[in-house]
Amino acid sequence: MELSGAEIVVQALKDEGVEYVWGYPGGAVLHIYDAVFKQDSVRHILVRHEQAATHAADGYARATGKVGVVLVTSGPGATNAVTGIATAYMDSIPMVVLTGQVPTPVIGSDAFQEVDTVGITRPCVKHNFLVKRVEDLADTIKKAFYIAASGRPGPVVVDIPKDVTDPNIRIPYRYPDTVEMRSYNPVEKGHLGQIRKAVEMMIEAERPVIYTGGGVVLGEASAELTELVRTTGFPITETLMGLGAFPSSDPLFIGMLGMHGTYEANMAMHETDVLIAIGARFDDRVTGKIAHFCPNAKIIHIDVDPASISKTVRVDVPIVGQVKSVLADMLRVLRDNTRRPDPSRIAAWWDRINGWRKLDCLRYEQGSDAIKPQYAVETLYKVTRDDDFYLTSDVGQHQMFAAQFYPFEKPRRWINSGGLGTMGFGLPAAMGVQQAFPDATVACVTGEASIQMCIQELATCKQYSLPIKVVLLNNGYMGMVRQWQEFFYDGRYSHSYVDALPDFKMLAESFGHVGMRIDRPGDLEAAYREAFGMKDRMVFMDIIVDPAENVYPMIEAGKGHHEMHLSPHLSSDRELA
Amino acid sequence: MRHIISVLLENEAGALSRVAGLFSARGYNIESLTVAPTEDATLSRMTLVTTGDEAIIEQITKQLNKLVDVVKLVDLSEGAHIERELMMIKVRADQAMRDELKRLADIFRGNIIDVTDVSYTIEMTGDGAKLDAFIRVLDPDLIIETVRSGPLGIARGGKRLAI
Ligand SMILES: Cc1cc2nc3c(=O)[nH]c(=O)nc-3n(C[C@H](O)[C@H](O)[C@H](O)COP(=O)(O)OP(=O)(O)OC[C@H]3O[C@@H](n4cnc5c(N)ncnc54)[C@H](O)[C@@H]3O)c2cc1C
Ligand SMILES: Cc1ncc(C[n+]2csc(CCOP(=O)(O)OP(=O)(O)O)c2C)c(N)n1
Ligand SMILES: [Mg+2]
């Protein structure tokens with residue numbers, strides 16, 4: 001089969017099994033767009049801004065576990081994609097981004113729409129390529145998919161100069177079946193000796209905590225994790241990225257940990273003697289001040305990336321490997337061991353944790369006036385709990401309220417930007433999810449500031465008939481910023497008030513969607529039911545919430561887990577440690 | 001502590017900038033870095049000298065290994081090894097100074113590789129301390145220009161860094 005470079009790009013995507021490509025055309029990729037036009041097995045979704053293309057592909061990847069694919073032009077197309085690439089990089093999301101480049105003979109001459117895409121993206125990709133010869137195109141695309149999806153996943157950029165896709169130059173095409181790279185060999189199985197050591201430590205533990213993260217979701221290891229937790233009876237806490245890997249309704253789950261984690265999770269971290277970290281990377285939002293982090297614990301850490309281990313916190317038993325394989329081995333070793341964790345010790349530990357739980361740290365009071373954002377999320381759960389439901393989020397207080405108040409039962413259902421914290425992520429990510437699962441209920445929880453960062457995508461949702469439900473918790477402020485200014489800058493609300501808001505209901509209607517505005521707690525549930533009842537329409541719900549609400553508990557940056565700010569609703573004289 | 005790390009990497013455009021970018025992005029020290037192709041034309045060998053405590057050096061080697069272009073590396077400072085650096089130093093050499101400069105170069109086992117009416121260029125190899133010492137014995141006013149390669153390193157004995 002003889003193909004042009006442009007046709008090779010499209011054929012390689014087909015051979016890779018790609019269903020969707022999110023993109024935006026321009027000069028450097030016109031040959032590729034012509035090849036896209038001539039076929040219909042790879043579907044191209046036209047976004048309204050390249051940042052949205054990357055978030056949509058990212059949302060698709062998070063929901064499906066497959067590689068998300070993006071196609072953008074050179075120069076501004078590529079630079080607009082950078083935020084989305086960095087977002088995917090920070091959360092280890094598999095993605096392949098094809099960028100057009102100026103023709104090879106003019107590279108380096110400041111040609112029209114030339115930027116050094118490989119240089120600009122280098123620090124925020126797992127790897128990138130500049131393809132200089134059409135003969136290298138198929139192999140490079142194969143490598144890009146392999147690198148993006150294997151080991152610790154991540155985005156890979158393939159920069160393709162226009163002359164490499166010349167329709168008049170045709171070469172024999174064969175898509176490689178496998179990839180051999182001497183310089184890239186991700187680890188699969190964990191070291192058995194280390195796993196045995198970890199199991200011994202777990203059996204001896206008096207106050208164990210299982211702390212899991214995005215790696216369990218990425219590594220499809222929910223079943224193994226669930227079995228481990230239930231076999232041992234140990235308490236489990238999850239990071240923001242790990243939510244749903246273990247069913248949140250199970251009483252062994254003690255909530256999210258970290259800056260806005262639950263009192264019981266953070267106190268358990270503070271007192272644990274054996275911490276079992278699984279696919280989590282000891283982020284500073286989780287550890288707080290390192291010197292105060294798990295002061296009494298021996299730490300076991302399972303991670304596929306050796307560089308994640310002992311990066312910020314020194315660990316005692318490192319285990320490098322795929323979490324699914326390591327947990328399967330761990331369960332086997334545990335089963336073969338005649339000894340078990342001492343039930344009375346674990347019961348005593350649970351007594352202590354349940355004591356902290358009694359504080360009910362997430363408690364809030366919904367009066368009859370302003371809608372509390374927490375109530376908005378709880379009611380959302382009430383209305384959607386029996387659906388095949390996915391929730392994406394933007395960044396801010398609403399993100400934290402969603403994480404705290406929507407109990408996720410399965411992995412890949414909670415889709416948010418954790419590492420980069422990218423405002424503008426939620427709506428385009430929801431497009432990717434809805435595209436992947438047309439029959440599922442997909443909602444995006446957002447803030448009035450965040451939603452305006454990719455609001456143009458309402459047009460894309462219309463064009464492709466995506467019945468996403470936008471749940472806008474409109475507090476009139478960049479709430480998360482306002483909260484910090486209230487706590488740490490004596491209430492000087494410098495530029496955090498979101499003035500000159502559009503009428504979101506009318507705005508949504510002008511894009512051809514259904515708009516709603518809800519401002520009374522009593523109306524909320526019925527409004528949700530009406531909105532979620534419209535299965536084939538996008539509905540934009542502008543929910544006016546209490547502008548003064550804060551996210552609690554909160555650990556200030558640089559403080560220890562035992563130094564939480566608690567909600568003023570809770571009895572103030574409660575000692576914390 | 002000072003560490004000398006040898007890296008085999010794919011001989012590809014951009015590989016060097018990935019390593020350099022890693023050091024600047026993560027704020028690691030880099031004292032010197034040299035790179036050239038090896039007898040296997042698809043591989044380059046890089047020698048870099050860095051400083052940091054044990055935890056930082058551990059992160060540096062892990063992060064280097066994580067780069068897709070890096071095939072293999074070894075921290076030479078963990079074992080017995082030899083270091084050599086090349087220096088070319090151009091000095092003012094008027095008639096009166098010529099014998100003295102030649103004598104000094106001989107003591108340090110340097111070679112004079114370029115001679116003009118006014119200058120000598122001396123080539124010298126050794127570890128960094130030796131090259132420093134040679135510079136110290138010269139009158140600073142005599143030095144026109146120096147260029148140093150940064151250290152190269154190789155393990156002692158039969159061990160090798162290869163794929
Ligand atoms: C406003 C805001 C507030 C936040 N507050 C909090 C908070 O209170 N609590 C909180 O937890 N987070 C919070 N975050 C998120 C935080 O910034 C980090 O993104 C998050 O804590 C990182 O989660 P993680 O440790 O699970 O790592 P991830 O980024 O999900 O990394 C996954 C880890 O697993 C490894 N891995 C990947 N795949 C595999 C595999 N197959 N097998 C084994 N290992 C694998 C990776 O190498 C990596 O080390 C907040 C973010 C924002 C924007
Ligand atoms: C692109 C980007 N710019 C700035 C920030 C810093 N930031 C974090 S949260 C936030 C406020 C978000 O406001 P809103 O979307 O209204 O959500 P709320 O906190 O009010 O729920 C800001 C500005 C960010 N995370 N991303
Ligand atoms: Mg807001």
Side-chain angles (χ1 to χ4, degrees), chain A residues 86 89 92 104 107-108 116-133 136 140 143-144 146-148 150-159 161 179-187 281-282 290 301 303-315 318 320, chain B residues 1 3 5-28 30 33 35 37-46 48 50 52-75 78 160-163:
Chain A
Y89 179 69
S92 306
T104 47
I107 287 181
D116 175 9
T117 302
V118 164
I120 287 176
T121 59
R122 188 186 304 118
C124 60
V125 293
K126 183 165 171 189
H127 196 57
N128 58 19
F129 297 95
L130 172 64
V131 186
K132 286 194 173 151
R133 303 176 333 138
D136 297 335
T140 307
K143 276 186 192 166
Y146 170 64
I147 293 171
S150 55
R152 176 176 185 172
V156 178
V157 166
V158 183
D159 199 26
V179 184
E180 276 292 334
M181 291 179 74
R182 61 182 174 187
S183 60
Y184 176 71
N185 301 293
V187 186
R281 60 183 173 83
F282 297 83
I290 300 281
H301 188 188
D303 203 293
V304 73
D305 178 4
S308 266
I309 289 172
S310 294
K311 182 170 64 178
T312 57
V313 172
R314 271 242 61 90
V315 308
V320 177
Chain B
M1 237 224 359
H3 285 249
I5 299 172
S6 270
V7 187
L8 284 180
L9 66 166
E10 296 290 352
N11 187 5
E12 286 192 16
L16 174 60
S17 60
R18 285 183 213 283
V19 174
L22 171 71
F23 274 74
S24 65
R26 295 192 181 266
Y28 303 142
I30 189 158
L33 184 161
V35 61
T38 64
E39 72 279 12
D40 172 350
T42 66
L43 285 175
S44 301
R45 177 155 172 160
M46 174 185 282
L48 51 87
T50 180
D53 61 24
E54 208 182 306
I56 289 173
I57 299 299
E58 182 182 326
Q59 264 302 305
I60 289 176
T61 56
K62 284 173 167 179
Q63 294 291 349
L64 280 170
N65 265 317
K66 202 169 143 175
L67 293 178
V68 170
D69 284 336
V70 168
V71 183
K72 212 170 175 182
L73 63 80
V74 60
D75 181 350
E78 283 176 354
R160 64 175 192 157
L161 174 63
I163 52 172

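Here the structure is a predicted model, which means the values were calculated and not measured.
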Report the option among A:I147, A:V118, A:D305 that has the most heavy-atom pairs separated by less than 4.5 Å from atoms of chain B. A:D305
State whether the number of non-hydrogen atoms from other residues, nucleotides or ligands found under 6.0 Å of A:K132 atom NZ is greater than 12. no
Contact between B:L22 and A:R122 at the side-chain level, heavy atoms closer than 4.5 Å - yes or no? no
Are any of the side-chain heavy atoms of A:M181 and B:E10 separated by less than 4.5 Å? no
Reported NZ-to-OG distance for the pair B:K66 and A:S308, which is rounded to 0.5 angstrom: 6.0 Å
Any sub-3.5 Å donor-acceptor pair from A:S183's side-chain atoms to B:V68's backbone N or O? yes
Only one of B:E58, B:K62, B:Q59 passes side chain to side chain contact (heavy atoms under 4.5 Å, CB included) with A:I309, and that residue is B:K62
If you tally heavy-atom pairs under 4.5 Å against chain A, which of B:G21, B:S17, B:A55, B:A25 wins? B:S17
Taking the side chain as every heavy atom from C-beta outward, state whether B:T42 and A:R182 have any pair of such atoms under 4.5 Å apart. yes
